[in-house]
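In listed order, ligands and their atoms are each counted from 1. None of the values given here were measured: they were computed from a predicted structure.
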Amino acid sequence: MAIERTFSILKPDATERNITGAINALIEKAGLRIVAQKRIRMTRDQAETFYAVHKERPFFGELVDFMISGPVVVQVLEGEGAIAKYRDVMGATDPSKAADGTIRKLHAKSIGENSVHGSDAAETAKIEIAQFFSGNEIVG
Ligand code: DAT
Ligand code: MG
């Protein structure tokens with residue numbers, strides 16, 4: 001498995017509860033390296049663009065409102081098979097279905113307020129990283 005980069009967001013429910021450090025500890029314990037990180041407030045435009053793939057879903061409005069409801073931490077994570085590995089560390093979208101020890105099992109509040117985002121494939125990782133980071137902000 002090659003060294004990959006994936007895009008991560010620590011969502012507003014995580015910044016609100018001051019648990020970004022606890023989540024970062026789980027990320028690092030899994031062998032993923034945080035090679036870029038910044039705390040931002042997403043604009044409505046940014047959130048709508050980011051989640052455009054879900055725009056026909058009934059939860060889209062609620063999802064965008066949630067993502068702009070407070071600060072988020074956007075990150076680039078690097079490591080062996082980072083894309084699939086981070087999805088494993090995150091756990092299932094619905095925290096009631098997430099495996100023990102995963103970020104969402106430990107911390108997510110609900111299917112909507114589920115603490116973290118992680119890219120689902122190499123192509124989306126590349127697009128998502130480029131939406132929030134310029135090359136010189138990523139220090140591997
Ligand atoms: P994931 O974040 O695990 O990649 P996804 O891409 O299917 O999940 O959906 C993106 C986000 O949308 C998800 O993190 C939370 C929200 N969401 C998904 N399904 C939902 C649902 N049934 N009700 C409310 N929010 C939902
Ligand atoms: Mg997704």
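- The ring pair (Phe, Tyr, Trp, His ring centres under 6.0 Å) search around F60 returns none, not counting sequence neighbours.
- Checked by atom type, the side-chain pair K109/N114 shows no donor-acceptor distance below 3.5 Å.
- To the nearest 0.5 Å, atom OG of residue S119 and atom CD1 of residue I127 are 9.5 Å apart.
- Judged by the 6.0 Å distance and 45° axis criteria, K38 is not positioned over the aromatic ring of F132.
- For E78 and R33, the salt-bridge test fails: no basic side-chain N is under 4.0 Å from an acidic carboxylate O.
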Please give the N or O to N or O pairs under 3.5 Å between ligand 1 and the protein, distances rounded to 0.1 Å.
from, atom 1, to, atom 2, distance (Å)
ligand 1, 2 (O), R104, NH2, 3.0
ligand 1, 3 (O), R87, NH2, 3.0
ligand 1, 3 (O), T93, OG1, 2.5
ligand 1, 3 (O), R104, NH1, 3.0
ligand 1, 3 (O), R104, NH2, 3.4
ligand 1, 4 (O), R87, NH1, 2.8
ligand 1, 4 (O), R87, NH2, 3.3
ligand 1, 6 (O), H54, NE2, 3.0
ligand 1, 8 (O), T93, OG1, 3.3
ligand 1, 9 (O), H54, NE2, 3.4
ligand 1, 14 (O), K11, NZ, 3.0
ligand 1, 14 (O), N114, ND2, 2.9

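- Aromatic ring orientation, F133 versus F7: perpendicular (interplanar angle above 60°, classes split at 30° and 60°).
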